[in-house]
> 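Below you'll find the structure I mean.
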Amino acid sequence: MSAVEIIDKIFSQSLKSKIFVNRDVLRPDYVPDELPHREEQIAKLASILAPSLQGARPSNVFIYGLTGTGKTAVTKFVLRKLYEKSLEVGARITVCYVNVRQDDTTYRVLLRLSECIGLRLPFTGISTAEAYRRFIRALNLRSTLFIATLDEIDFLVKKHGDELLYRLTRCNEELDQSKVTVIGITNDLKFVDSLDPRVRSSLGEVEIVFPPYNAMQLEDILRKRAELAFRPGVLDKGVIELCAALAAREHGDARRALDLLRVAGEIAEREGADMVTVEHVRKARAELERDRVAEVISTMPLHAKLVLLAITNLVSLNGKTTTGEVYSHYRTLCSKLGIEHVTQRRVSDIISELDMLGIITARVVSRGRYGKTRVITLAVPKDVVYSVLEEDPYASVLLPGNR
Ligand code: ADP
Ligand code: MG
């Protein structure tokens, strides 16, 4: 088949999908109109923000819970409704949502916040302090209630400190025409405790906790979504239940459940199947796991990759290996590349890190009078490791077959 024919085939197949009506509703950024099992959180956030419709400043809100518990979806949903209502009743409310993991410097967050009030800050050339001053001045002129929503705030604070958060929660003292309410959201429960008490107390005037979903709740969520995403009747018995059960085991993550369902559907479609079966869900799980592992490995520093390569080579030969063997093979790999190796101590730390990431399993065993060593096996398929290392300009040179 020619390239054009291949593309035509893919496009026309997707147009007459036997599986999907609208696969986009399974994507993570889709905000559904119905959010089952989050009635309590929706009601709480809505009642906190409601006074803004009459011009009063709502309390700052701090929202936390594990990933995939609906924090972003609920917040966006409530903000959208609030904004619609404000237009209806003529309240001066400006709603601003920033994901600070994407816009991950204080300056970029200020850029986004400024955009929400129609202020265009230059991309470079002024200091953060100056940007902040201009933002506050413009905000005041606008005489509005400004709801600044900072999602995944832990990313900003861990990298650049809590300065902006602190300022935003205090800036009402600098304003007379406008008011600011801050909604902070985080997936990181440890971050909540690590926040400076003065920031925590001003941000967390009200706190909303999002508990994990259980398997039954995930089933409800998936069913509602599946009705919009799939052709009627294409989901085999047990598909929703399995996706929900697998995601419930991983701390009740709705994103995980939806990913499993979407990828299962995509696999079924690629195979030309008429239905999505539990077998497709199992394959989806393996595929998602591969992606996760690939991402972890690809972002590791070079020496960690080389240690992992050493482990993978040795495990391919013998099924398992030890710390000593890994260190000596790792040194050989370094000398082939002509680079300096790190100390045995450091390699030992890398092995512990790989273990913690779930990429290898390292078990301490006693060797009698020879002391202790660690017996190491791979916790992920070796072809996944090799295919990711293939992408690394240094490690790839050392791969079996490339020598
Ligand atoms: P968080 O921000 O807590 O990590 P999200 O709000 O991004 O989680 O939710 C993850 C995914 O699950 C999104 O696609 C979201 O639409 C969906 N989701 C979460 N909770 C619900 C719910 N109660 N009903 C329907 N979909 C939900
Ligand atoms: Mg989120």
Side-chain angles (χ1 to χ4, degrees), residues 28 67-68 246-247 249-251 253 255-256 259-260 262-264 266-267 270-271 279-365 367 372-403:
T67 50
L246 290 174
R249 242 190 271 162
E250 280 178 41
H251 78 251
D253 182 340
R255 178 179 299 118
R256 177 80 182 161
D259 282 347
L260 280 166
R262 188 191 74 243
V263 175
E266 285 169 355
I267 293 172
R270 279 207 300 269
E271 291 180 357
E279 201 42 49
H280 293 128
V281 178
R282 297 219 170 84
K283 287 182 185 166
R285 186 195 189 191
E287 203 173 296
L288 288 165
E289 175 63 9
R290 254 164 200 272
D291 292 351
R292 184 191 74 83
V293 170
E295 187 175 337
V296 171
I297 297 175
S298 68
T299 54
M300 290 188 324
L302 177 62
H303 286 279
K305 284 179 180 166
L306 294 178
V307 170
L308 178 59
L309 178 57
I311 292 170
T312 311
N313 288 343
L314 292 164
V315 168
S316 303
L317 284 176
N318 307 321
K320 58 184 196 296
T321 183
T322 60
T323 320
E325 285 174 357
V326 171
Y327 187 58
S328 112
H329 184 38
Y330 154 79
R331 283 178 54 172
T332 312
L333 295 176
C334 286
S335 69
K336 278 189 187 159
L337 283 180
I339 60 171
E340 203 125 350
H341 57 81
V342 300
T343 62
Q344 180 144 20
R345 177 67 198 271
R346 178 68 196 120
V347 167
S348 190
D349 289 344
I350 292 174
I351 289 173
S352 304
E353 285 159 26
L354 292 171
D355 188 12
M356 239 163 44
L357 290 167
I359 292 173
I360 63 167
T361 312
R363 195 166 42 85
V364 179
V365 294
R367 295 187 304 164
K372 284 183 191 149
T373 188
R374 285 189 288 182
V375 171
I376 300 165
T377 50
L378 274 182
V380 299
K382 66 172 193 284
D383 55 315
V384 176
V385 177
Y386 283 132
S387 72
V388 179
L389 293 180
E390 189 78 48
E391 309 286 309
D392 184 278
Y394 296 98
S396 61
V397 179
L398 301 167
L399 289 184
N402 287 2
R403 274 170 290 179

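Keep in mind it's a predicted model, so treat the numbers as computed, not measured.
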> Within a 6.0 Å radius of atom OH on Tyr386, are there more than 12 heavy atoms belonging to other residues, nucleotides or ligands?
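Counting neighbours around OH of Tyr386, more than 12 heavy atoms of other residues, nucleotides or ligands fall under 6.0 Å, so yes.
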> Under a 4.5 Å cut-off applied to non-hydrogen side-chain atoms, are Arg282 and Glu279 in contact?
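Yes, side chains in contact.
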> Please tabulate, for the side chains in residues 342-351, all donor-acceptor contacts under 3.5 angstrom to protein atoms that are two or more places apart in sequence or on a different chain.
unit_1: Thr343; atom_1: OG1; unit_2: Arg346; atom_2: N; d: 3.1
unit_1: Arg346; atom_1: NH1; unit_2: Glu353; atom_2: OE2; d: 3.4
unit_1: Ser348; atom_1: OG; unit_2: Arg374; atom_2: NH2; d: 2.9

> Should Leu337 and Leu306 count as side-chain neighbours, where that means a heavy-atom distance under 4.5 Å?
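Yes - at least one pair of side-chain heavy atoms lies under 4.5 Å apart.
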> Can you list everything that forms a side chain to side chain donor-acceptor pair (under 3.5 Å) with Glu250? Sequence neighbours excluded, please.
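So Glu250 forms a side chain to side chain donor-acceptor pair (under 3.5 Å) with Arg256.
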> Would you mind checking if Glu289 and Arg292 are paired as a salt bridge, meaning a charged N to carboxylate O distance below 4.0 Å?
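Yes.
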> Using the salt bridge (Lys or Arg N to Asp or Glu O under 4.0 Å) criterion, which residues pair with Arg249? Sequence neighbours excluded.
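If we apply the salt bridge (Lys or Arg N to Asp or Glu O under 4.0 Å) test to Arg249, skipping adjacent residues, there are no hits.
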> Return all side-chain donor-acceptor pairs below 3.5 angstrom for residues 376-383, not counting sequence neighbours, or 'none' if the list is empty.
unit_1: Asp383; atom_1: OD2; unit_2: Arg290; atom_2: NH2; d: 3.3

> Partners of Leu317 by side-chain contact (heavy atoms from CB on, under 4.5 Å), sequence neighbours excluded?
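In terms of side-chain contact (heavy atoms from CB on, under 4.5 Å), with neighbours along the sequence ignored, Leu317 is linked to no residue.
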> What residues form a side chain to side chain donor-acceptor pair (under 3.5 Å) with Arg270, not counting sequence neighbours?
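Once residues adjacent in sequence are excluded, the partners of Arg270 under the side chain to side chain donor-acceptor pair (under 3.5 Å) criterion are Glu287.
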> Give a yes or no answer on whether the side chain of His251 reaches the backbone of Thr67 with a donor-acceptor pair at less than 3.5 Å.
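Such a contact is found between His251 side chain and Thr67 backbone.
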> Using 0.5 Å steps for rounding, measure from the NE2 atom of His280 to the CD atom of Glu266.
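One finds 12.5 Å between NE2 of His280 and CD of Glu266.
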> Check whether any side-chain heavy atom of Leu308 lies under 4.5 Å from a side-chain heavy atom of Lys305, and answer yes or no.
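No, too far: nothing below the 4.5 Å cut-off.
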> How far apart are the closest heavy atoms of Ala395 and Leu309, and which atoms are they?
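So the two residues come closest at O-CD2, 4.1 Å.
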> To the nearest 0.5 angstrom, please state how far the OG1 atom of Thr312 sits from the CD1 atom of Ile360.
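Going from OG1 on Thr312 over to CD1 on Ile360, the span is 9.0 Å.
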> Going by heavy atoms in the side chains, are Arg285 and Leu288 under 4.5 Å from each other?
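Sidechains of Leu288 and Arg285: no contact.
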> How far apart are the closest heavy atoms of Ser396 and Glu390, and which atoms are they?
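Looking at all heavy atoms of both residues, the shortest contact is CB-O, 3.3 Å.
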